[in-house]
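First comes the structure, then the notes that go with it.
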Amino acid sequence: MKLKQLMNDFLRDYLKENDIKFEDWSINVSNQDSFGDYSSNIALKLTKQLEESPIKIANSIANHKNNSSKIFTISASKPGFINFHISNDYYLKALDQILKEGENFGRKKELNKSANVEFVSCNPTGPLTVGHGRQAILGDMVSNILTWNGYNVTREYYYNDAGKQMRVLAESCYAKYAQQIGKEIDMPEDGYIGTYLDEIALKIVERHGKNLKSNDPIFRDFTEKEIFSDIKNTLESIGIKFDVFSKEGTFYKNGAINDILKKFQEKGLSYKKDGAVWFKTSGLGKKEDKVLVKSSGEPTYRLPDIAYHADKIDRGFDLIVDIFGADHIDTYPDVLLGLKSLDKKTSHIKVVIHQFVTIKKGGEIVKMSTRKANFITLNELKSQLSSDIIRYFFIMRGANSHLDFDLDLAKDESEKNPVYYLQYANARISNLLIRYDKEISDERKIDLSLLKENDEIALAKLLSEFPNKMEEVLKSLEPRKIATYLEEVAAAYHKFYGNHKIINLQNLALSASRKKLCEATKIILKNGLSILGISAPERM
RNA sequence: GCCCCGGUAGCUCAGCUGGAUAGAGCAACGGAUUUCUAAUCCGUAGGUCACAGGUUCAAAUCCUGUCCGGGGUACCA
C-alpha cells in the first residue's frame with residue numbers, strides 16, 4: 001500500500017509541477033520483467049489533453065525528479081508506459097516485517113466495527129446437501145476474512161420454524177410413522193420422502209410408542225430437533241460454528257410483521273386484491289407487484305424476511321453480509337426495496353450470490369434433485385473427504401461460477417490435488433527448519449541483502465504483497481483469491497527450493513539469510529491457510 | 001416470455017475497475033546433480049478469447065445484437 005502511494009505521489013508531483021489537472025490513471029503489476037515491477041498508463045491517457053505523443057510525455061515523466069530513488073527507478077517504454085523498477089532492498093525489508101509480526105502480519109487491528117454474516121439458513125427439513133456445503137464454506141471464509149480485517153463478526157443462521165415447509169415436514173413424518181406401525185397413509189402432496197425421515201419415524205416409535213395421533217406436536221418438534229442436530233453436527237465436522245440462530249417465528253410473536261404491514265399501508269405501498277395483500281413494487285421500479293400476504297392469510301417469505309433484515313439493521317451492525325444461493329437472485333431485491341421503503345439504511349448490506357454445485361464422478365455429472373431425495377449430502381462427502389479438501393474444493397471457483405466438484409480429483413492424494421501442493425510447501429519448510437537447527441548452530445546477525453537471486457527476490461516480492469491481497473479480498477469477499485495467491489507463493493517457494501541449496505555449510509551467512517526467507521514463507525502460508533480454515537501440517 | 005450466471009488450450013478454470021507477446025493446473029511428450037521431503041522442479045507442444053457489429057490511441061475485458069450451455073422465474077422459501 002505504501003509502495004503504491006509513493007508511485008502515485010511521484011506522478012502527482014509531476015502533474016503539479018507542470019500544472020496539469022488529471023486524475024484518471026492506474027498503476028498495475030507489470031506483466032514482463034523488462035517492464036519493471038509496476039507500470040502506469042498515465043502518459044497514454046494524457047495524450048489527448050496535452051496533444052502530445054504518448055512516448056514524449058512518458059519520457060518527460062520518467063525524467064522528472066524522483067524523491068523515492070532509493071525505493072524505485074523509473075523508465076519509459078514503447079507506446080508510452082511508465083515503468084517502475086522496485087529495488088530489491090524494498091522487498092527484503094518486508095521480510096523483516098513479516099518475521100517480526102508473524103501470525104499478525106497482514107492482519108488489521110481491531111476496527112471497532114461489527115459485521116453480521118448470514119449463511120446456510122436452510123430450513124430443517126432434511127440433511128444438508130453439497131449445495132449447502134458450498135454456501136457454508138463460503139460464508140465461513142467470508143467471516144474469517146472480515147475477522148482478519150478487524151471486524152467483530154457474528155455468524156448467523158436464520159430459519160423458518162413456522163411456515164408451510166415445516167408443516168409438510170410434520171405431515172410427512174407422520175406418514176412415515178404410520179408406515180412403521182403398519183398403517184397405510186398417503187404421503188402428503190409435495191411431501192418429503194427422504195430415508196432420513198424413516199429413521200426419525202422409527203425413533204419416534206421407539207420412544208413414544210405406537211399410539212400417537214397425526215396432530216401430535218411430536219411430529220414437528222422432534223423432527224425439527226433431530227434434523228437440526230444433524231445439520232449442526234455436519235457443519236461442525238467441517239469446522240463451522242454459528243453464533244446466533246434466528247427463527248422466523250420470533251417476528252410473528254413480537255408483532256414486527258404486523259407493524260411492517262401497517263407501515264406499508266400507511267405509506268400507501270400496499271393494497272388488497274383477490275383476498276391477498278400486495279406490495280406495490282411497480283411504483284418502486286419493478287415490473288410487477290408482489291404478494292406480501294396470501295389469500296390464505298399466510299405471509300409469503302418476503303414479509304418475514306423484511307422483518308428479519310430490519311431487525312439485523314436495528315442491531316446496529318456496521319456491515320451486513322447475506323450469502324445466498326442463485327435461487328435468491330430475483331427475490332432479495334424485493335427485500336431491499338421493502339427495507340428502503342421503511343426508511344431503513346441498506347447501503348451497508350452486501351449480498352454475495354453463489355451459483356450451484358454439481359458433482360462430477362468418473363467423468364460424469366451427477367444430477368441432483370433435492371425434493372426427490374436424489375441428492376448427495378454433505379455428510380456423504382465428509383465421510384469420503386477431509387475437511388481441508390472439502391473446504392478448498394468449494395472455493396476453487398469464483399462464487400459466481402458454477403462449480404463442478406470433481407470427486408475423483410478430490411479423492412486423489414497425489415500431486416494432482418492442489419490442496420497438497422500448498423500443504424506440502426509448508427511441510428517442506430518445517431522439515432527444513434528442523435534440519436537446519438541440527439546442522440547449523442551458528443548464531444549470527446542476519447544480512448538479508450545476501451539474497452540476490454531472481455528466485456529469492458521473486459519470492460520475497462510475492463510475500464510482501466500479502467497485506468495488499470488481503471485488502472483486495474476484503475473488497476471482493478472472494479476466498480478463491482486467497483487460494484490463488486497461496487498457490488503462487490507455494491510455486492515460488494518450490495522453485496526457489498529446487499534451484500538453491502538453503503543449508504550450505506560452506507556459506508553460513510547465506511544459509512542464515514535463506515532460512516529467514518523460508519520462515520517468512522511459512523508465516524504467509526500459515527496465515528493464508530488459517531483464513532481458509534485449512535490446516536498447515538508440519539509433516540506429510 | 002422475463003431475469004441471472006457462464007462460453008478463454010484436449011479437460012477444469014484464472015485473467016474481465018480496458019493497456020504492451022492471453023496465463024495456471026491436469027492430460028500429452030521430453031528432461032532433473034546417489035533430495036535440505038520427487039506430494040517437487042525444468043522444458044516442448046497446444047488459442048479465430050462463442051459469433052457479429054460498435055466505443056477507444058488501445059477490447060478477452062466496456063456497449064448492442066445473435067447463438068450455445070446451466071440455473072431461476074408461483075398467493076413455495
Side-chain angles (χ1 to χ4, degrees), chain A residues 26 28 30-32 34-35 39-41 44-45 47-48 53-54 77-81 83 121-123 125 159-160 163-165 168 190 248 273-278 287-288 290-302 304-305 325-331 333 353-356 358 360 363 365 371 396-404 406 409 412-425 427-436 438-440 455 475 480-481 483-484 487-488 490-491 493-504 511 514-515 518 539-540:
Chain A
S26 64
N28 291 313
S30 306
N31 54 6
Q32 207 183 120
S34 62
F35 298 145
S39 306
S40 176
N41 59 356
L44 292 156
K45 288 267 189 186
T47 317
K48 237 181 206 168
S53 78
S77 66
K78 277 190 280 177
F81 287 99
N83 300 317
S121 289
C122 63
N123 294 340
T125 55
Y159 68 101
N160 182 357
K164 185 183 160 196
Q165 281 192 32
V168 174
D190 282 331
E248 185 174 320
K273 193 183 99 185
D274 304 332
V277 179
W278 294 70
K287 279 185 183 162
E288 292 165 341
K290 300 285 169 67
V291 170
L292 287 170
V293 183
K294 299 180 229 171
S295 50
S296 67
E298 256 178 315
T300 62
Y301 72 94
R302 287 184 192 89
D305 249 31
D327 50 341
H328 279 67
I329 219 153
D330 252 10
T331 63
I353 297 274
H354 68 88
Q355 300 295 320
F356 289 114
T358 44
K360 208 169 145 189
I365 302 276
R371 269 287 164 116
M396 261 168 48
R397 304 287 167 251
N400 248 339
S401 299
H402 292 269
L403 176 71
D404 272 340
D406 188 334
L409 180 59
D412 192 333
E413 298 203 0
S414 78
E415 75 282 355
K416 287 177 207 162
N417 196 320
V419 185
Y420 296 121
Y421 187 77
L422 299 184
Q423 295 185 323
Y424 181 62
R428 232 183 184 183
I429 295 171
S430 304
N431 188 62
L432 183 106
L433 293 176
I434 292 168
R435 184 145 189 154
Y436 185 99
K438 265 189 207 158
E439 295 192 17
I440 302 180
D455 292 339
K475 276 183 207 152
R480 198 202 75 250
K481 296 196 173 178
T484 309
E487 282 180 27
E488 285 170 21
Y493 180 77
H494 286 312
K495 190 174 180 182
F496 157 65
Y497 180 95
N499 289 338
H500 305 283
K501 198 93 175 141
I502 293 154
I503 298 174
N504 179 355
S511 298
R514 286 183 171 164
K515 180 194 176 203
C518 293
R539 188 168 273 287
M540 286 173 76

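Order of the sequence lines fixes the chain letters, A, B, ..., with proteins taken first and strands second; residue numbering starts at 1 for each chain.
Distances shown here put a side-chain N or O of Arg480(A) below 4.0 Å from the OP1 or OP2 atom of G15(B). Note on Asn31(A): a side-chain N or O is less than 4.0 Å away from OP1 or OP2 of A20(B). Applying the 4.0 Å criterion to OP1 and OP2 of C36(B), one finds that Lys501(A) has a side-chain N or O inside that range. Between Thr484(A) and the phosphate of G15(B), there is no side-chain N or O to OP1/OP2 separation shorter than 4.0 Å. Within the 4.0 Å cut-off from OP1 or OP2 of A39(B), not a single side-chain nitrogen or oxygen of Tyr497(A) is found. The side chain of Lys290(A) places no N or O atom within less than 4.0 Å of a non-bridging phosphate oxygen (OP1 or OP2) of A77(B).
The gap from the C1' atom of A45(B) to that of C4(B) amounts to 39 Å, rounded to the nearest Å. Going from the P atom of C5(B) to that of C63(B) covers 11 Å, rounded to whole Å. Rounded to whole Å, the separation between the C1' atoms of U8(B) and A24(B) comes to 13 Å. For A9(B) and U61(B), the P atoms lie 15 Å apart once the distance is rounded to whole Å. Taking atom P on both nucleotides, C3(B) is separated from G46(B) by 42 Å, rounded to a whole Å. Atom P of G53(B) sits at a distance of 14 Å from the matching atom of A59(B), rounded to the whole Å. G71(B) sits 24 Å from C75(B) when the C1' atoms are compared, rounded to a whole Å.
By the criterion of a centre-to-centre distance under 5.5 Å and near-parallel planes under 30°, the ring of Phe356(A) forms no stack with the base of G70(B). Stacking of Phe81(A) onto the six-membered ring of A20(B) is present: less than 5.5 angstrom between centres, less than 30° between planes.
Tyr159(A) is linked by a ring pair (Phe, Tyr, Trp, His ring centres under 6.0 Å) to Phe228(A), counting only residues two or more places apart in sequence or in another chain. Under the side chain to side chain donor-acceptor pair (under 3.5 Å) criterion, Ser77(A) pairs with Asn83(A), not counting sequence neighbours. With sequence neighbours excluded, the residues that form a side chain to side chain donor-acceptor pair (under 3.5 Å) with Asp455(A) are Asn499(A), His500(A).
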*Once Watson-Crick and G-U wobble pairs under 3.5 Å are found, how is RNA chain B written in dot-bracket notation, 5' to 3', with | for any base paired to another strand?*
(((((((..((((.....[...)))).(((((.......))))).....(((((..]....))))))))))))....
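Among the protein residues, Pro299(A) comes within range of the sugar-phosphate backbone only, with heavy atoms under 4.0 Å from sugar or phosphate atoms but none that close to a base. In this structure, Asp305(A) reaches neither bases nor backbone, as no heavy-atom distance under 4.0 Å exists between it and the strands shown. Among the heavy atoms of the strands lying under 4.0 Å from Ser39(A) is at least one base atom, whether or not backbone atoms are also near. Backbone-only engagement by His494(A) is indicated by non-hydrogen atom pairs under 4.0 Å involving sugar-phosphate atoms exclusively.
A donor-acceptor contact under 3.5 angstrom links the side-chain atoms of Ser77(A) to the base of A20(B).
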Can you name the atoms? Protein N/O to nucleotides 57-63 of chain B N/O, anything below 3.5 Å, with the distance.
from: C57(B); atom 1: OP1; to: Lys48(A); atom 2: NZ; distance (Å): 3.2

List every contact pair, protein side and nucleotides 30-34 of chain B side both N or O, where the distance is under 3.5 Å.
none

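Distances were taken from every side-chain heavy atom of Arg397(A) (C-beta onward) to each of U40(B), U12(B), C75(B); the shortest belongs to U12(B).
Looking only at distances, a side-chain donor or acceptor of Asn417(A) sits under 3.5 Å from a matching main-chain atom of Val419(A).
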